[in-house]
Amino acid sequence: MSFWYNVDTGQVETDDNRSRGEQVLGPYATEAEARAALDTAHKKTEQWDSEDRDWNERGATGSGAASGDGDA
């Protein structure tokens with residue numbers, strides 16, 4: 001059985017009583033994972049934002065040839 005976190009109600013739902021797709025996060029293997037869905041999503045977003053910043057900084061300091069900005 002899968003568990004889902006409903007962002008509108010703040011409740012954990014199962015496959016049997018799951019709301020519409022745009023209202024839920026999941027699926028999660030356990031009820032505890034579903035309850036932590038917002039915290040998990042927040043941490044993942046911070047991680048991805050950090051990785052994006054790192055990637056952008058590496059691109060900005062790389063050689064012009066790699067970026068396609070050669071002098072022609």
Side-chain angles (χ1 to χ4, degrees):
M1 175 187 314
S2 296
F3 295 89
W4 307 81
Y5 180 81
N6 186 311
V7 295
D8 291 339
T9 67
Q11 300 296 312
V12 173
E13 301 175 353
T14 65
D15 289 332
D16 296 333
N17 67 348
R18 185 180 130 199
S19 298
R20 295 181 308 187
E22 64 268 9
Q23 294 174 308
V24 295
L25 299 175
Y28 297 95
T30 67
E31 186 174 351
E33 289 176 349
R35 288 200 190 287
L38 291 180
D39 188 45
T40 300
H42 179 74
K43 287 177 182 176
K44 286 184 178 181
T45 298
E46 285 182 341
Q47 177 186 352
W48 294 330
D49 287 348
S50 176
E51 290 170 0
D52 284 347
R53 281 190 298 274
D54 291 346
W55 187 86
N56 287 331
E57 288 173 7
R58 280 193 311 273
T61 60
S63 69
S67 66
D69 293 335
D71 294 331

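The shortest non-hydrogen separation linking E22 to V7 is O-CG2, 4.5 Å. Here the closest heavy-atom approach between residue A34 and residue F3 is recorded as CB-CB, 3.8 Å. Scanning all heavy atoms of the two residues, the minimum distance from Y28 to A37 falls at OH-CB, 3.4 Å.
Remark: R35 engages E31 in a salt bridge, criterion side-chain N to carboxylate O under 4.0 Å. Salt bridge R58/D54: absent, no basic N to carboxylate O contact under 4.0 Å.
Between the CH2 atom of W48 and the OG1 atom of T45 there is a distance of 6.0 Å, given to the nearest 0.5 Å. With values rounded to the nearest 0.5 angstrom, Q47 atom CD is found 10.5 Å from D52 atom CG.
Of the candidates N17, T14, D15, W4 forms a side chain to side chain contact (heavy atoms under 4.5 Å, CB included) with just one, namely D15. Under the side chain to side chain donor-acceptor pair (under 3.5 Å) rule, E46 has a single partner from H42, K44, K43, which is H42.
E33 and T40 form no side-chain donor-acceptor contact under 3.5 Å, judged by distance and modelled atom types alone.
At distances below 3.5 Å, at least one donor-acceptor pair connects side-chain atoms of E13 with backbone N or O atoms of S19.
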